[in-house]
There are 2 protein chains.
Amino acid sequence: MEKIKKLLEGTPLKATPQRLAILKEIAKFGHIDLDSIYKNLSRTFPSMSLATVYKNLHTLKEHGVIKELNINEIKNKYEIAAQKKHHHLVCKVCGEVTDIFLDTTQITEQTKSLEGFDVDYCEVFCYGVCSKCKEKEKGN
Amino acid sequence: MEKIKKLLEGTPLKATPQRLAILKEIAKFGHIDLDSIYKNLSRTFPSMSLATVYKNLHTLKEHGVIKELNINEIKNKYEIAAQKKHHHLVCKVCGEVTDIFLDTTQITEQTKSLEGFDVDYCEVFCYGVCSKCKEKEKGN
DNA sequence: ATAATTGCAAATTTTTTGCAGGTTC
DNA sequence: GAACCTGCAAAAAATTTGCAATTAT
């Protein structure tokens with residue numbers, strides 16, 4: 001997976017097997033929390049230590065390789081930073097996070113006129129119920 | 001402060017001095033994190049225990065009296081739920097959070113057409129630098 | 001060779017819990 | 001009086017740290 005290794009270019013971070021595995025896991029799921037990374041990888045990579053996952057998520061975030069998503073009611077999730085700008089759709093029932101591409105010019109326009117505050121970027125989180133969970137709810 | 005007591009109407013929650021003090025503190029600051037609530041109140045209310053703050057924030061959130069804000073890089077903050085709908089401006093330097101009133105019809109329109117996903121509400125967080133911090137940065 | 005990284009165990013920090021004694025409605 | 005709360009201390013969970021051995025560049 002050269003694609004994964006490339007994510008580290010321009011950083012002083014080394015391409016260790018553990019680190020690459022963590023990045024691959026994040027890329028695979030799109031959005032995933034620390035525990036799931038650890039549990040999933042432990043299966044195929046038994047020596048992987050929890051501390052390594054902690055340290056890596058911290059370091060990778062610090063160097064802008066990944067982003068941390070702070071979402072209501074669920075554990076923080078991580079995603080690869082090098083992606084087209086997007087926002088997030090969160091299912092309040094199952095916690096699944098999906099990328100969503102929104103035109104946010106209206107918001108950007110409004111933030112331009114804020115007195116004294118320089119806005120760098122805006123994040124939008126949309127909360128609702130995904131189709132899978134909607135189906136299940138009908139069943140009850 | 002009858003205004004504070006009224007926030008508990010319709011819930012089975014009792015108006016204890018501790019709870020009212022916590023709510024008053026949240027209302028006073030607009031947005032405040034758990035530690036600050038505890039530290040601030042400890043001064044005027046020495047017997048206030050940290051566990052009580054934890055339990056109250058949990059219960060008050062559970063009953064929709066307050067909302068928890070999950071913000072990038074800073075500790076979760078709490079705000080009174082019974083407010084006009086608004087969004088948030090976050091200073092990346094000092095962490096101060098300010099309410100902002102945005103017209104989000106453009107986003108709402110877009111989420112209506114999402115296949116299979118029912119969106120209940122969208123949250124917008126705008127990150128940047130506040131005027132105070134901008135001033136200080138100039139100084140350096 | 002150098003600087004970075006890992007895994008482990010210990011240390012910290014954060015959050016939750018159980019319960020006895022009080023309080024609110 | 002019933003249900004709910006508080007404060008305390010203990011327990012559990014989450015996160016960080018130090019360090020010796022190993023690995024990537």
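Everything quoted here is computed from the prediction, not taken from an experiment. Here is the naming used below: chain letters follow the sequence lines, and residue numbers restart at 1 for every chain.
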Between the protein and nucleotides 16-23 of chain D, which nitrogen or oxygen pairs are less than 3.5 angstrom apart?
residue, atom, partner, partner atom, Å
D:dG18, O6, A:Lys55, NZ, 3.1

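In this structure, B:Lys67 places its NZ atom where only 12 or fewer heavy-atom neighbours from other residues, nucleotides or ligands lie under 6.0 Å away. Other residues, nucleotides and ligands contribute only 12 or fewer heavy atoms inside 6.0 Å of the NZ atom of B:Lys28. At most 12 heavy atoms of other shown residues, nucleotides or ligands fall within 6.0 angstrom of atom CD in A:Glu96. The 12-atom threshold is exceeded at NZ of A:Lys134, counting heavy atoms of other residues, nucleotides or ligands nearer than 6.0 Å.
A straight line from CD of B:Gln18 to P of D:dC8 spans 11 Å, rounded to a whole angstrom. Rounded to an integer number of Å, the gap from CZ of B:Arg19 to C1' of D:dC5 is 7 Å. Rounded to whole angstrom, the span from the CG atom of B:Asn76 across to the C1' atom of D:dA14 amounts to 14 Å. One atom, CG of B:Asn56, and another, C1' of D:dG7, lie 12 Å apart when rounded to the nearest Å. Rounded to an integer number of Å, the gap from A:Leu20 CG to D:dT25 C1' is 14 Å.
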Should B:His31 and B:Thr98 be marked as a side chain to side chain contact (heavy atoms under 4.5 Å, CB included) after you check the CA-CA gap, both sets of side-chain angles, and the distance that decides it?
CA-CA 8 Å; B:His31 313 90; B:Thr98 316; 5.8 Å; no

For A:Leu114 and B:Ile100, run side chain to side chain contact (heavy atoms under 4.5 Å, CB included): C-alpha distance rounded to whole Å, both residues' side-chain angles, the deciding distance at 0.1 Å, then the answer.
CA-CA 9 Å; A:Leu114 287 171; B:Ile100 180 179; 3.8 Å; yes

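B:Glu123 and B:His88 share no donor-acceptor pair across their side chains, judged by distance under 3.5 Å alone. Side chains of A:Asn70 and B:Glu73: no donor on one and acceptor on the other come within 3.5 Å.
Within the nucleic acid shown, A:Leu34 has no heavy atom closer than 4.0 Å to any nucleic acid atom. If you check every strand for non-hydrogen atoms under 4.0 Å, A:Ser47 touches sugar and phosphate atoms only.
For the pair A:Ala15 and B:Ala15, both in contact range of DNA chain C, the more 5′-proximal nearest nucleotide belongs to A:Ala15. In terms of position along DNA chain D, the nucleotide closest to B:Pro12 lies nearer the 5' end than the nucleotide closest to the other residue of the pair B:Pro12 and B:Pro46. Toward the 5' end of DNA chain D, the nearer of the two residues B:Phe45 and A:Asp35, judged by each one's closest nucleotide, is B:Phe45.
Pairs passing the ring pair (Phe, Tyr, Trp, His ring centres under 6.0 Å) check and including a residue from residues 37-59 of chain A, sequence neighbours excluded, do not occur.
Of all nucleotides in DNA chain C having an atom under 4.0 Å from a heavy atom of chain B, the first and last in 5' to 3' order are C:dT14 to C:dC25.
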